[in-house]
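First up is the structure itself, then whatever we jot down about it.
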Amino acid sequence: MTTAIADEFQSHRPRLFGLAYRMLGSADEAEDTVQDAYLRFSGADRADIEHLGAWLAKVVTNLCLNRLTSARARREQYVGTWLPEPVVTSDGTLGPLESAEQRDAVSMALLVLLERLTPTERAVYVLREAFAYGYREIAGVLDLSEANCRQLHRRAAQRVGAAESRFAAPPERQRELVASFVTAARDGDLSGLEKLLAADATWWSDGGGRVSAARRPVEGREKVLRFLFGALEKWGAGMRFAPAEVNGGPGLTVWDGDTLTVVITFDVSDVSDAGIGGVIGGVRAVLNPEKLEFAGRQLADR
């Protein structure tokens, strides 16, 4: 019986993990949440479960709501900039990402924006935007009225902003720009980097107080360039750089031997300051070793 329960649950696990990660911004906490859901499922009366997928989604969502309440207090005490835990997505860990909207829904930029929302607003937004739930389904998950769910989604969408304003560049162009950025940074090509960065480019670093990292955003092209070259002079020697698809977009992993030390993601828009070619407007670097454990395991498995 136990094996049958585990097999049945396993078919839902990827979707549940994707839901929990979008809700929490933490891969490790998402794994713990899914495991808690399994324990509840294994002890539940099956006669009370009419539609298993809906039942599990409700359990995971409510577990996430409980975690978000305590997470908010912890993040207020976080040292420096807080960024989500990066996840390598080329292996389908967060489900199929076949459209710009699906990729946007797991991007670092959007997950940071979701921190603006209340836990309930976040649940409504994720269920609606990432999983295409109808308002009736969302109401059933959250035990709210459909009208209330519509209002919460409208409010959340206003606070997050329109997706099309964030990522306009096609995926292939994003990869080209990121590859050019890495080459220019490695070669010390200052003029090349200037052409790739927006005038108002911003660099965010998340070290969590555990490693050396900028505790405030570095804003403006010139400041970002100075910061980047300073970091490369201090830490770049002997490091290995490898591209990876991270949170639905082109990313960069930085290794010291076999240890993953940094995961970087990029915000790329379609029009540069000169009006052509595309431009990198934001760079997010996760250095906190605890936040790199999940991605490190993903890449080690390969």
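The closest side-chain donor-acceptor pair between E219 and T202, if any, does not fall under 3.5 angstrom.
A side-chain donor-acceptor contact under 3.5 Å links D91 to the backbone of T93. A donor-acceptor pair under 3.5 Å is absent between the side-chain atoms of D256 and the main chain of T259, judged by distance alone. Put simply, the side chain of S42 gets close to the backbone of L39: a donor and an acceptor are under 3.5 Å apart. R122 places a side-chain N or O within 3.5 Å of a backbone atom of M23 that can act as its donor or acceptor partner. With E137 contributing its side chain and G134 its backbone, the two residues share a donor-acceptor pair below 3.5 Å. Between the Q298 side chain and the V88 main chain, a donor and an acceptor come within less than 3.5 Å of each other. No donor-acceptor pair under 3.5 Å is formed between the side chain of S205 and the backbone N or O of A213.
Under the 4.5 Å side-chain contact rule for hydrophobic residues, L113 and W82 do not share a cluster. The hydrophobic cluster containing V79 does not contain V112, counting ILVMFWY residues as joined when their side-chain heavy atoms lie under 4.5 angstrom apart, directly or transitively.
The nearest pair of heavy atoms linking L196 to S180 is CD1-C, 3.6 Å. A pairwise comparison of heavy atoms in V263 and P86 identifies CG1-CB, 3.6 Å as the closest pair. Residues A139 and S145 come closest through the heavy atom pair CB-C, 4.0 Å. Nearest heavy atom pair, residue G248 against residue T89, reads N-OG1, 2.9 Å. Closest approach of L94 and L97 over heavy atoms only: O-CD2, 4.4 Å. Listed here is the closest heavy atom pair of I49 and A44: CD1-CB, 4.1 Å.
Applying the ring pair (Phe, Tyr, Trp, His ring centres under 6.0 Å) definition to pairs two or more places apart or across chains, none involves residues 85-116. Residue pairs meeting the ring pair (Phe, Tyr, Trp, His ring centres under 6.0 Å) criterion with at least one partner in residues 184-212, sequence neighbours excluded, are W203-F227. For residues 206-216, the set of pairs meeting the side chain to side chain donor-acceptor pair (under 3.5 Å) definition, not counting sequence neighbours, comprises Y78-D206, D206-K291, R210-E290. Pairs engaging residues 94-121 under the ring pair (Phe, Tyr, Trp, His ring centres under 6.0 Å) rule: none recorded [sequence neighbours left out].
Between L52 and H12, some side-chain heavy-atom pair lies under the 4.5 Å cut-off. At a threshold of 4.5 Å between non-hydrogen side-chain atoms, the residues L114 and V126 count as touching. The shortest distance between side-chain heavy atoms of V283 and V224 does not fall below 4.5 Å. In this structure the side chain of V34 reaches within 4.5 angstrom of the side chain of F9, judged on heavy atoms. Looking at L24 and L68, their side chains come closer than 4.5 Å, going by heavy atoms from C-beta outward. By the 4.5 Å heavy-atom criterion applied to side chains, V268 and V279 are not counted as neighbours. Using a 4.5 Å heavy-atom threshold, the side chains of E146 and Q151 count as separate. Looking at heavy atoms from C-beta onward, F41 lies in side-chain contact with R46 at the 4.5 angstrom threshold.
Taken from CE in M239 to OG1 in T253, the straight-line distance is 12.0 Å, to the nearest 0.5 Å. Considering CG of N288 and CD of E293, their distance stands at 9.0 Å, rounded to 0.5 Å. In this structure, CG on L299 lies 4.5 Å from CH2 on W255, to the nearest 0.5 angstrom. The CG atom of L260 sits 5.0 Å away from the CG atom of L292 when rounded to the nearest 0.5 Å. Here E31 contributes atom CD and L16 contributes atom CG; the two are 13.0 Å apart, rounded to the nearest 0.5 Å. Residue T118 holds its OG1 atom at 6.5 Å from CG of L152, rounded to the nearest 0.5 Å.
The side chain to side chain donor-acceptor pair (under 3.5 Å) search around R159 returns E121, not counting sequence neighbours. Applying the salt bridge (Lys or Arg N to Asp or Glu O under 4.0 Å) test to R22 and every residue at least two apart in sequence or in another chain returns nothing. Scored by the side chain to side chain donor-acceptor pair (under 3.5 Å) test, R75 finds E115 as partners (sequence neighbours excluded). Taking F17 as the reference, F294 meet the ring pair (Phe, Tyr, Trp, His ring centres under 6.0 Å) condition, with sequence neighbours excluded. A search for salt bridge (Lys or Arg N to Asp or Glu O under 4.0 Å) contacts involving D36 returns R67, not counting sequence neighbours. Annotation: side chain to side chain donor-acceptor pair (under 3.5 Å) contacts of D28 (sequence neighbours excluded): R297. Taking T120 as the reference, nothing meets the side chain to side chain donor-acceptor pair (under 3.5 Å) condition, with sequence neighbours excluded.
For the pair R284 and F266, the cation-pi criterion (under 6.0 Å, within 45° of the ring axis) is not fulfilled.
Screening N247, L83, V106 for a side chain to side chain contact (heavy atoms under 4.5 Å, CB included) involving L111 leaves a single residue, N247. For the side chain to side chain contact (heavy atoms under 4.5 Å, CB included) with V182, the lone residue among D187, L252, I264 that qualifies is L252.
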#### Entry: Test log, rule side-chain contact (heavy atoms from CB on, under 4.5 Å), inputs R128 and Y133
CA-CA 5 Å; R128 179 69 175 170; Y133 272 44; 5.7 Å; no
### Task
Applying side-chain contact (heavy atoms from CB on, under 4.5 Å), run through L193 and F229 and close with a yes or a no.
CA-CA 11 Å; L193 285 171; F229 275 98; 3.6 Å; yes
### Message
What verdict does the side-chain hydrogen bond (donor to acceptor under 3.5 Å, both in side chains) test give for R155 and Q158, after you've listed the backbone C-alpha separation in whole Å, the side-chain angles of each residue and the deciding distance to 0.1 Å?
### Response
CA-CA 5 Å; R155 186 187 306 158; Q158 289 172 346; over 6 Å; no
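Classification of the Y125-H153 ring pair by plane angle, with boundaries at 30° and 60°, yields parallel.
For E50, the CD atom sits in a loose shell: 12 or fewer heavy atoms of surrounding residues, nucleotides or ligands are nearer than 6.0 Å. Crowding of R40 atom CZ: a count of heavy atoms from other residues, nucleotides or ligands under 6.0 Å not exceeding 12. For CG of D258, the number of neighbouring non-hydrogen atoms (other residues, nucleotides, ligands) closer than 6.0 Å is 12 at most.
With respect to the salt-bridge test (charged N to carboxylate O, under 4.0 angstrom), the residues R221 and D200 do not qualify. Under a 4.0 Å N-O distance rule, the pair E29/R74 qualifies as a salt bridge.
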Side-chain atoms of residues 54-65: list all donor-acceptor pairs with protein atoms under 3.5 Å, sequence neighbours left out, distances to 0.1 Å.
| residue | atom | partner | partner atom | Å |
| --- | --- | --- | --- | --- |
| K58 | NZ | G140 | O | 3.3 |
| K58 | NZ | D143 | OD1 | 3.0 |
| K58 | NZ | D143 | OD2 | 3.4 |
| T61 | OG1 | A57 | O | 2.7 |
| N62 | ND2 | K58 | O | 2.9 |

